[in-house]
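The block underneath contains the structure these notes are about, expressed in structure tokens.
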Amino acid sequence: MSQAPAVHGFVAQGFEPVRDAFAQNLASGEELGATFSVVQDGETIIDLYGGARDEDRSEPLGPDDLFNVWSTTKGMAALCIGMAVERGLLDYQAPVATYWPEFAVNGKEAITVETLLSHASGIQGADTPATTEEMLDIPTFSARLAAQAPLFPPGSANAYNAGVFGHWVDALLRRTDGRSLMDFFADEVATPLKADVWIGLPYEQHHRRAPIVAPWAPMMAASPPATDPVVKSAMGSPRMSPLEANRPDWMAAGNGAAGGSANARGIARVYGALARGGELEGVRILSAESVDRMVAQRRASKDKVLGVWVRWAAGFILSANGLYGPNDTSFGHSGWGGSFGFADPENKLGVSYAMNLMAPNLAGDPRGGRLVTETYKCLGLG
């Protein structure tokens, strides 16, 4: 009889049921290696890790191992825009072309920063075949996107910018702050908050990345490509395999849409600050007013790419139907395969889950959902 995977880390008194749920996830076989962390009013009350970092379960997950967190990265990128807005470098209501003149072609002259960040520009990916290598050249691919025509009238609908959201953020920051998204995030967010989150993982840190595992990847590769032009541009150009996240050039590129390297502890610290109006342990990265401006609802509609109804702020997903706990004031972002991070301002919570065994979903993974449910029950809020 095989021994159940060990659970490491800690939970504050009264949160033992969260540890039990985490252990059950690992023992069930649904999990390989995973992390879960909760920061409440500036204090870490849950920080769990366990399982294996490799597919054959021969190497245990370490306390500082990192995962590719896919679109959970988008929340980190959106935060950087919020900081640039607070500093007067950008305005959500201003046309993108104010800062990026080359963008003002093919009917995109009036698209505002918030329209772009809420996935409503009509540009959701390359409209001609593209390779992963091309996408990972962030500045060159950004210029290619800026030259395109929208595939629907800007502002008339939502279509998820799956692989290119970070290209928009990087281009805007380079033209206003002067730094890349990779450098801005490291300098202004990760380092001050002591958050182990990277948008662009240096090569000397690659040994910390637990490989992404997706047993369903061959089945996805064999499925017919999308034919709808909007979906095809978002998800098919390039048509990414989940296993591409294990490429060294992917880890290092600084793709703010899908290439972040993190564990739950790091992401929970960032959202823990946002849940307290932008401050954690005496370090303020944003004013409370700027947090409110950043997460104000911009759109709510069924997404042309995701096929589900989404409430969008300026780059953040706003909770609905229990997506990020019981409060609709919560906000965050989820990643392909199961990861997520969110802030619950009502209860001053920063919450995150990250793992290496991907499920074939974009949001609502039951493994992380169980942990969130148990957390709120232990808080007396579930």
Side-chain angles (χ1 to χ4, degrees), residues 71 73-74 77-78 80-81 84-85 89-178 180-181 225-240 253-259 298-307 310 312-316:
S71 290
T73 315
K74 288 182 172 74
C80 295
I81 293 293
V85 169
L89 301 174
L90 289 164
D91 184 328
Y92 285 123
Q93 281 78 46
V96 173
T98 304
Y99 316 103
W100 190 0
E102 298 87 347
F103 189 85
V105 294
N106 289 319
K108 302 197 303 300
E109 295 81 0
I111 294 174
T112 63
V113 172
E114 65 183 3
T115 297
L116 187 67
L117 297 181
S118 59
H119 302 263
S121 69
I123 308 285
Q124 43 286 324
D127 59 3
T128 53
T131 65
T132 299
E133 290 78 9
E134 288 172 327
M135 186 186 72
L136 294 179
D137 181 348
I138 309 295
T140 301
F141 204 67
S142 298
R144 175 174 172 174
L145 296 168
Q148 292 180 191
L151 292 182
F152 56 83
S156 67
N158 284 83
Y160 188 50
N161 294 188
V164 303
F165 179 88
H167 291 72
W168 302 134
V169 174
D170 183 83
L172 288 169
L173 289 174
R174 286 177 186 269
R175 286 160 176 77
T176 53
D177 175 81
S180 65
L181 168 59
T227 56
D228 177 270
V230 171
V231 178
K232 186 176 180 180
S233 68
M235 308 298 282
S237 190
R239 192 180 187 195
M240 291 180 289
N255 179 359
R298 265 65 178 195
R299 299 187 58 84
S301 64
K302 183 177 179 180
D303 191 273
K304 285 178 170 288
V305 173
L306 300 175
V310 186
W312 283 112
F316 291 92

Exercise for the section: Determine which pairs satisfy side chain to side chain donor-acceptor pair (under 3.5 Å) with at least one residue from residues 100-112, sequence neighbours left out, and list them in order. Expected result: Thr112-Thr115
Handout entry: Donor-acceptor contact present, side-chain Arg239 to main-chain Ala226, <3.5 Å
Key = no
Practice task
Quick one: closest heavy-atom pair of Ala77 and Gly256, and the distance?
Solution key: CB-O, 3.8 Å
Exercise for the section: Identify, with sequence neighbours excluded, every residue that meets side-chain contact (heavy atoms from CB on, under 4.5 Å) alongside Ala94. Expected result: Asp91, Thr98, Tyr99
Problem - From CG (Leu151) to CD1 (Ile123), nearest 0.5 Å - result: 6.0 Å
Fill in the blank from the handout: Sequence neighbours excluded, the answer for side chain to side chain donor-acceptor pair (under 3.5 Å) partners of Arg144 is Thr128, Glu134
Exercise for the section: Sequence neighbours left out, what pairs pass salt bridge (Lys or Arg N to Asp or Glu O under 4.0 Å) with at least one residue falling in residues 113-128? Expected result: Glu114-Arg298
Exercise for the section: Name all residues meeting the side chain to side chain donor-acceptor pair (under 3.5 Å) criterion together with Asn161; count only those two or more places apart in sequence or in a different chain, and write none if there are none. Expected result: Trp168
Problem - Pairs involving residues 105-131, ordered by first then second residue, that meet ring-ring contact (aromatic ring centres under 6.0 Å, His included) (sequence neighbours left out) - result: His119-Tyr160, His119-Phe165, His119-Trp312
Problem - Atom of Ala257, atom of Ala162 and distance for their closest heavy-atom approach - result: CB-O, 3.5 Å
Practice task
Take Val113 and Gln93 through the test side chain to side chain contact (heavy atoms under 4.5 Å, CB included) and record every step on the way to the result.
Solution key: CA-CA 6 Å; Val113 172; Gln93 281 78 46; over 6 Å; no
Exercise for the section: Could you pull out the closest heavy-atom pair between Pro154 and Gly107, with the gap in Å? Expected result: CG-O, 4.2 Å
Problem - CD1-CG distance between Ile111 and Leu116, expressed to the nearest 0.5 angstrom - result: 7.0 Å
Exercise for the section: Say whether, by atom type as modelled, one donor and one acceptor occur between the side chain of Asn158 and the main chain of Ser118 under 3.5 angstrom. Expected result: yes
Exercise for the section: To the nearest 0.5 Å, tell me how far Ile138 CD1 sits from Asn255 CG. Expected result: 5.0 Å
Exercise for the section: Could you pull out the closest heavy-atom pair between Ala126 and Gln148, with the gap in Å? Expected result: CA-OE1, 3.2 Å
Problem - For Pro139, side-chain contact (heavy atoms from CB on, under 4.5 Å) partners two or more places apart - result: Asp137, Arg174
Problem - Pairwise salt bridge (Lys or Arg N to Asp or Glu O under 4.0 Å) hits with a residue in residues 149-159, at least two apart - result: none
Exercise for the section: For Pro150 and Ser121, work out which heavy atoms get closest and say how close. Expected result: CB-O, 3.5 Å
Practice task
Just jot down the side-chain contact (heavy atoms from CB on, under 4.5 Å) partners of Pro238, sequence neighbours excluded, or say none.
Solution key: Ala130, Thr132, Met135, Met240
Fill in the blank from the handout: For Phe141, the ring-ring contact (aromatic ring centres under 6.0 Å, His included) test, sequence neighbours excluded, returns His167
Practice task
With rounding to the nearest 0.5 Å, note down the distance linking OG in Ser156 to NZ in Lys304.
Solution key: 7.0 Å
Problem - side-chain contact (heavy atoms from CB on, under 4.5 Å) partners for Ala300, two or more places apart - result: Gln297, Trp309, Arg311
Exercise for the section: Would you mind listing every side chain to side chain donor-acceptor pair (under 3.5 Å) that reaches into residues 225-236, with sequence neighbours excluded? Expected result: Gln124-Ser233
Fill in the blank from the handout: So CG of Leu90 and SG of Cys80: to nearest 0.5 Å the spacing works out to 11.5 Å
